[in-house]
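Worksheet: the structure to be examined is printed underneath.
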Protein chains: 2
Amino acid sequence: MNRTQNKVQQIPESDDIQKMDTQTEAFRHNRELRKLALNDDYLELIADLIAKTGEARTVDIACRLGVAQPTVTKVIARLKREGMVISEPYRAIYLTDAGRLIAEKAKHRHQIIVSFLMAMGVDPAIAEHDAEGIEHHVSTETLQAFMAFLDRI
Amino acid sequence: MNRTQNKVQQIPESDDIQKMDTQTEAFRHNRELRKLALNDDYLELIADLIAKTGEARTVDIACRLGVAQPTVTKVIARLKREGMVISEPYRAIYLTDAGRLIAEKAKHRHQIIVSFLMAMGVDPAIAEHDAEGIEHHVSTETLQAFMAFLDRI
DNA sequence: TACATATTATAGCAAGGGCTATATTTTGAA
DNA sequence: TTCAAAATATAGCCCTTGCTATAATATGTA
């Protein structure tokens, strides 16, 4: 808990202290978001597979994400521990309410960002690609600014 | 290398195949970007510290990133292996040309995104925060679209 | 110079995502 | 119904980012 390296060596301007702390918080928060990004990817994809085929199978998730099947099994086990997902051995995977909520929010953000990037003149394929990465790092405020822009045009 | 799970189970429409492959590529690429994001953070911060104080010390990096000092030491060791950074035991850290290039590109992207988000009406502090996450996931094309927008207004 | 303090390095742990190889179970077709 | 093929689970590995505790080195000041 104690962080000895928090001692300030060369005394910075008070503005710099403020900036440092917010930047540190941003780093912390973004490290957290990078973890959650993987959850979003899985849950969004599971929701998509269920919508299209009625269920989400390990093999299909692995294929779509471009990872090996045991990797999926392991991540799903974690998502299960975290209450995002339901699954019985050798059976398909389904979402809990919590998981579905996250998936829906992620899809919503995704769609807005794709639309926004396209409105900015970005090629649809690239917009789709970039949105996949950006969607996990956009705050509610920024998302609203994007939506407001889409409304204005 | 072989990926047995690539066999397609239910034959999809040809459009869906195309979409699946691009989406899979996007996932792969974005997983890669998530790794590189940490490099960007370190290199950008090291460049900043060098610019301000003439050197980048482990303790300062740890403080700014909000992680423990041994974590920094370990990541720096990797960046050194990868030719991004130079350092002697118990001495400060400096950038190689390769590292400096990445830092400069990252800073450039960062600044454009902050300006862009602010132009979209996002609060400066939030813009700064979001840019920290978004900057690692924006393609050249999207960045150019942002710059074009900034020129237009 | 000597020594306390600050800084860096190292050891060792946990957790997570990635992989291959292989065992187990389901499933579908003969 | 039986049995091969497909799908899932498991074991076991690597690498990375985190952490704490502690050892080793640098640094500045008395």
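We name chains A, B, ... by the order of the sequence lines, and we start the count at 1 in each one.
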Exercise for the section: State which of C/dT8, D/dT17, D/dA7 makes the closest approach to the side chain of B/T58. Expected result: C/dT8
Practice task
Whole angstrom is fine here: how far is it from CD1 in A/I61 over to C1' in D/dT8?
Solution key: 12 Å
Problem - For A/R91, salt bridge (Lys or Arg N to Asp or Glu O under 4.0 Å) partners two or more places apart - result: none
Fill in the blank from the handout: Contacts of A/A56 and B/K35 projected onto DNA chain D by closest heavy atom; the upstream (5') one is A/A56
Exercise for the section: Check whether any side-chain N or O of B/R91 sits under 4.0 Å from OP1 or OP2 of D/dT27, and answer yes or no. Expected result: yes
Exercise for the section: Quick one: list whatever passes side chain to side chain donor-acceptor pair (under 3.5 Å) with A/T73, sequence neighbours left out. Expected result: A/Q69
Practice task
Applying salt bridge (Lys or Arg N to Asp or Glu O under 4.0 Å), name anything that partners A/E55, two or more places apart in sequence or on another chain.
Solution key: none
Practice task
Calculate the interatomic distance between B/L36 atom CG and D/dT17 atom P; express it in whole Å.
Solution key: 11 Å
Under 3.5 Å, sequence neighbours excluded: what are the donor-acceptor pairs made by side chains of residues 142-153 of chain B?
from, atom 1, to, atom 2, distance (Å)
B/T142, OG1, A/D130, OD2, 2.6
B/T142, OG1, B/S139, OG, 3.3

Problem - salt_bridge(A/D41, B/R31) N-O dist < 4.0 Å - result: no
Handout entry: For atom CG of A/N30 and atom P of D/dG18, their distance in whole Å
Key = 12 Å
Exercise for the section: Please state how far atom CD1 in B/I76 lies from atom C1' in C/dA9, giving the value in whole angstrom units. Expected result: 13 Å
Practice task
Let me know the distance between CG of B/L65 and C1' of D/dC19, rounded to the nearest Å.
Solution key: 15 Å
Fill in the blank from the handout: note: B/E32, atom CD; C/dG18, atom C1'; distance rounded to Å ~ 12 Å
Exercise for the section: Could you note down all residue pairs passing ring pair (Phe, Tyr, Trp, His ring centres under 6.0 Å) where residues 28-76 of chain B supplies at least one of them, sequence neighbours left out? Expected result: A/H129-B/H29
Problem - B/R57 side chain near D/dA26 phosphate (N/O to OP1/OP2, under 4.0 Å) - result: no
Exercise for the section: Please tell me which of the listed nucleotides, C/dG17, C/dT26, D/dT27, lies nearest to the side chain of A/R78? Expected result: C/dG17
Exercise for the section: For B/T71, report the nucleic acid contact type (base, sugar-phosphate, nothing); a contact means any heavy atom under 4.0 Å. Expected result: base
Practice task
Look at A/R28 and D/dG18 and indicate whether a side-chain polar atom (N or O) is within less than 4.0 Å of OP1 or OP2.
Solution key: no
Set out, line by line, the N/O atom pairs under 3.5 Å between protein and nucleotides 10-12 of chain D.
from, atom 1, to, atom 2, distance (Å)
D/dG12, O6, A/K74, NZ, 3.4

Exercise for the section: For D/dT16, take OP1 and OP2 only and decide whether either is under 4.0 Å from a side-chain N or O of B/R81. Expected result: yes
Practice task
Please check the phosphate of D/dT17 (OP1 and OP2 only) for any side-chain N or O of A/R31 closer than 4.0 Å.
Solution key: no
Problem - Interatomic distance where CZ belongs to A/R34 and P belongs to C/dG16 [whole Å] - result: 18 Å
Fill in the blank from the handout: Rounded to whole Å, the CG-P distance (A/D60 to D/dA7) equals 8 Å
Problem - A/E104 with A/K107: basic N within carboxylate O range, under 4.0 Å - result: no
